[in-house]
Amino acid sequence: MRAPFAVLAVVLLLLPARAHAQAPAEAGRRPVRAYAGGGLFIAEPVGEFDDYIDVGFGIGGHLLVRLDPAGALSLRVDGGFVNYGRETRTVCLSPTIGCRILVDLTTSNDIVFGSIGPQLMVPSGPVRAYVNAGAGFSYFATTSSVRGTSESDDFASTRNFDDATFAWSTGGGLYIPLTIGSSSVSIDLGARYLSNGEVEYLREGDIEDHADGSITLHPTRSEANLVVWQVGVSIGLGGTR
């Protein structure tokens, strides 16, 4: 996956001269200084991680700050949330009350990640390719929560297990500008390789319940790398396209 990103990065390094030549034609427009975006994720485990979990789903957002007038070079801040496992079962509220009151016990396995780094982008055209890289963190957590079977909100929760790690990422994609008045709005189609290294985490079924109410955790330790596919929207801030 890294080869196409590397080739595209070399091409984008040749863009500053072209971007500078286009700047006079856009002199009458207010420059877009930053972009904010968000999207839906499909998180595909790769390598050793693929042996232990299935595909995950999530959401995320980013902030892009231009470092040159044309927007070929920017600073990108990313954040996201991915759920890679979830199980729910109905149980009695407590031994004292018995099963007159039932609750839904849900255990969720999640990853929260964030990164910061540079992004290179084709600054103009009907389709604008980009590549980026970043360094940051990934936080793995398993949380159990309960709610009444007739309720929509949790009333109690416990974090059963967590682990955090340094993470780095490389990615690329396409911005497809849309015509919406004077606003700068683009469809954002991209992919990101998230390298987390070795992490300790829980999967579905890794919490063992005992008759006396105690539990035993069976964590897995492995590499936990992901390819995150994104479909989203990016909106310009502070100017017009």
Give, for atom [atom1] of [X] and atom [atom2] of [Y], the distance between the pair rounded to the nearest 0.5 Å.
X	Y	atom1	atom2	result
L178	S184	CG	OG	9.5 Å
F113	F137	CZ	CZ	9.5 Å
R100	L102	CZ	CG	12.0 Å
D54	F49	CG	CZ	10.5 Å
D78	S169	CG	OG	6.5 Å
S138	L226	OG	CG	7.5 Å

Does [X] reach the main-chain N or O of [Y] with its side chain, forming a donor-acceptor pair under 3.5 Å?
X	Y	result
D163	E200	yes
R147	S152	yes
N196	A224	yes
Q119	N132	no
R66	P69	yes
D162	F140	no

Are there more than 12 heavy atoms of other residues, nucleotides or ligands under 6.0 Å from atom [atom1] of [X]?
X	atom1	result
L63	CG	yes
R221	CZ	yes
I59	CD1	no

Looking only at non-hydrogen atoms, find the nearest pair between [X] and [Y] and report the distance.
X	Y	answer
G148	F155	N-CE2, 3.8 Å
F161	P219	CZ-CB, 3.8 Å
P123	A72	CB-N, 4.3 Å
T143	S157	CG2-CB, 4.3 Å
P177	P126	CD-O, 3.1 Å
E198	T165	O-OG1, 4.3 Å

Worked check of side chain to side chain contact (heavy atoms under 4.5 Å, CB included) between L73 and L120: CA-CA 5 Å; L73 177 63; L120 292 169; 3.8 Å; yes

S222 vs Y201, side chain to side chain donor-acceptor pair (under 3.5 Å): CA-CA, chis, key distance, verdict: CA-CA 9 Å; S222 73; Y201 55 91; 2.7 Å; yes

Criterion side chain to side chain contact (heavy atoms under 4.5 Å, CB included) on Y193 and S195, from CA distance to verdict: CA-CA 6 Å; Y193 177 78; S195 177; 3.8 Å; yes

Side-chain heavy-atom pair [X], [Y] within 4.5 angstrom cut-off:
X	Y	result
L75	I116	yes
D209	R89	yes
T216	H210	yes
E208	H218	yes
I111	F81	no

Side chains of T106 and T88, donor plus acceptor under 3.5 Å: yes

Donor + acceptor pair across side chains of E204, N109 (<3.5 Å): no

Residue pair V65, S74: steps toward the side chain to side chain contact (heavy atoms under 4.5 Å, CB included) verdict: CA-CA 5 Å; V65 180; S74 301; 5.9 Å; no

Taking [Y] as the starting point, is it possible to reach [X] by hopping between hydrophobic residues whose side chains are less than 4.5 Å apart?
X	Y	answer
L189	V233	yes
L217	V199	no
V91	V146	yes
V227	Y52	no
Y139	F166	no

Centroid-centroid distance, Y130 to Y175, less than 6.0 Å: yes

CA sep, side-chain torsions, deciding dist, call: I207, L202, side chain to side chain contact (heavy atoms under 4.5 Å, CB included): CA-CA 8 Å; I207 300 178; L202 293 180; 4.0 Å; yes

Carboxylate-amine/guanidinium proximity below 4.0 Å for R128 and D188: no

Pairing of D110 and R86 as salt bridge, 4.0 angstrom limit: no

For S144, the option from N160, D154, T158 that meets side-chain hydrogen bond (donor to acceptor under 3.5 Å, both in side chains): N160

